[in-house]
Amino acid sequence: MELLLVLLWRFWFRRNHAVHSAPLLSVEDTVGWSERFLVDFQAAVAVPSVRCELVVERWLAPGPGWVKINSDVAVDVRGRRLGFGVVIRVCTGKVLVSYTSLLLGLFSSDIGEALAILLGLRLAIDMDDILSLVVNFADLSFSSVRRSANIVAHGLAKFALSHQPVGVRLGSVPSSLALVVLDDSRGYP
C-alpha cells in the first residue's frame with residue numbers, strides 16, 4: 001500500500017513536470033525513484049528497539065567523565081497538570097543543575113515520562129559546563145528505574161506542583177531535597 005501511494009505521488013509529480021514544459025520522466029525512473037524513496041523513508045522513521053532495565057533499587061552514580069540525567073513527572077489529576085523534575089549529577093553525586101517545571105493539561109504517563117526525558121536532554125544541551133564534562137555526548141544510555149532509585153527527580157517533579165513551578169538551580173536542589181542528595185551520594189568519592 002505504501003509503495004502504491006508513493007508511486008501515485010511520483011506519477012502526479014511526473015505529470016506536473018511534463019505539463020510545465022519540462023522533459024517527461026521515464027516510467028522506469030519514476031518507479032525506481034519511488035522504490036528508493038520508500039526504502040529511505042522507512043529507514044528514517046523506523047523506531048529503534050529500546051532496552052529498558054528495571055532492576056535498580058537506589059541511585060547509582062555515572063562513571064567518571066559521564067553525567068547522569070534523572071527525570072520524572074508527577075501528575076495532579078484534579079488540577080489537570082504535570083510537574084517535571086530533572087537533576088543532572090556527576091560521578092561523586094554532586095548536583096550540577098536541577099530543574100522544575102509545570103505543564104497544564106493531562107497526558108498519559110508514558111507521554112509524561114517522555115516529556116521529562118526530553119526536558120532533561122534539553123537542559124543538558126543548554127548547559128555548556130555539562131557538555132564540557134562529557135567525554136562523548138554521542139553515547140547515550142537510557143534505563144527505567146524504580147522510584148527508590150529516582151527519589152530526587154521525583155521530589156523535584158512534586159516540588160513543581162506545589163511551589164514556584166519553573167526553576168533552574170545551578171549546583172543545588174531545593175532545601176527539602178538536600179538530604180536525599182546527600183544520602184544518594186554516600187559511598188561515592
Side-chain angles (χ1 to χ4, degrees), residues 50-189:
V50 175
R51 189 184 69 175
C52 291
E53 302 168 12
L54 185 59
V55 293
V56 179
E57 294 293 335
R58 70 178 301 256
W59 186 80
L60 298 175
W66 288 83
V67 296
K68 187 172 216 176
I69 305 169
N70 287 99
S71 61
D72 204 1
V73 62
V75 180
D76 176 6
V77 175
R78 189 172 294 152
R80 299 187 55 80
R81 58 197 185 136
L82 303 174
F84 296 97
V86 177
V87 61
I88 301 177
R89 298 196 269 181
V90 295
C91 62
T92 61
K94 179 183 181 296
V95 173
L96 294 178
V97 64
S98 66
Y99 175 77
T100 57
S101 71
L102 184 70
L103 177 65
L104 300 179
L106 285 179
F107 300 92
S108 71
S109 60
D110 289 344
I111 296 295
E113 294 290 346
L115 289 171
I117 291 168
L118 179 62
L119 288 172
L121 291 173
R122 282 187 178 164
L123 181 62
I125 288 168
D126 288 344
M127 301 300 301
D128 292 339
D129 291 340
I130 292 172
L131 290 177
S132 68
L133 291 173
V134 178
V135 174
N136 187 355
F137 198 64
D139 291 335
L140 292 174
S141 173
F142 294 92
S143 62
S144 176
V145 296
R146 289 191 168 97
R147 175 83 26 89
S148 60
N150 204 24
I151 296 171
V152 175
H154 185 69
L156 287 166
K158 290 182 79 165
F159 183 87
L161 290 175
S162 59
H163 294 80
Q164 183 181 11
V166 177
V168 175
R169 292 168 192 80
L170 296 176
S172 69
V173 294
S175 58
S176 60
L177 294 169
L179 290 177
V180 178
V181 171
L182 285 175
D183 186 52
D184 274 351
S185 301
R186 278 186 297 145
Y188 297 107

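Just so we're clear, the structure is a prediction, and the values are computed from it rather than from any experiment.
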Interatomic spacing from CG in L104 to CG in D76 - rounded to 0.5 Å: 10.0 Å

Value rounded to 0.5 Å, distance of CG in L123 from CG in L118: 11.0 Å

Whether R81 side chain and L161 backbone form a donor-acceptor pair below 3.5 Å: yes

Closest contact, heavy atoms only, C91 versus A61: O-CB, 3.2 Å

Side chain proximity check, V73 to S109, heavy atoms < 4.5 angstrom: no

Exam field: side chain N150 to backbone S71, donor-acceptor pair closer than 3.5 Å: yes

Worked check of side-chain contact (heavy atoms from CB on, under 4.5 Å) between L179 and L182: CA-CA 5 Å; L179 290 177; L182 285 175; 4.2 Å; yes

Interatomic distance, H154 atom NE2 to S148 atom OG [nearest 0.5 angstrom]: 12.0 Å

Inter-residue atom distance L115.CG - L103.CG, 0.5 Å rounding: 7.0 Å

Taking every non-hydrogen atom, the tightest pair across G112 and F84: O-CE2, 3.4 Å

Which atom of T100 lies closest to which atom of A160, heavy atoms considered: CB-CB, 3.9 Å

Any side-chain heavy-atom pair of L119 and Y99 under 4.5 Å: yes

Donor-acceptor pair, side chain of K158 and main chain of A74, under 3.5 angstrom: no

I69 CD1 to R89 CZ distance, which is reported to the nearest 0.5 Å: 12.5 Å

Side chain to side chain, R122 and V86, heavy atoms closer than 4.5 Å: no

Audit row: V152, N70, side-chain contact (heavy atoms from CB on, under 4.5 Å) steps and yes/no: CA-CA 8 Å; V152 175; N70 287 99; over 6 Å; no

From CG (D184) to CZ (R58), nearest 0.5 Å: 6.0 Å

Candidate pair V95 and S172, rule side-chain contact (heavy atoms from CB on, under 4.5 Å), full reasoning: CA-CA 6 Å; V95 173; S172 69; 5.7 Å; no

Intermediate values then yes/no, side-chain contact (heavy atoms from CB on, under 4.5 Å), W59 and I151: CA-CA 8 Å; W59 186 80; I151 296 171; over 6 Å; no

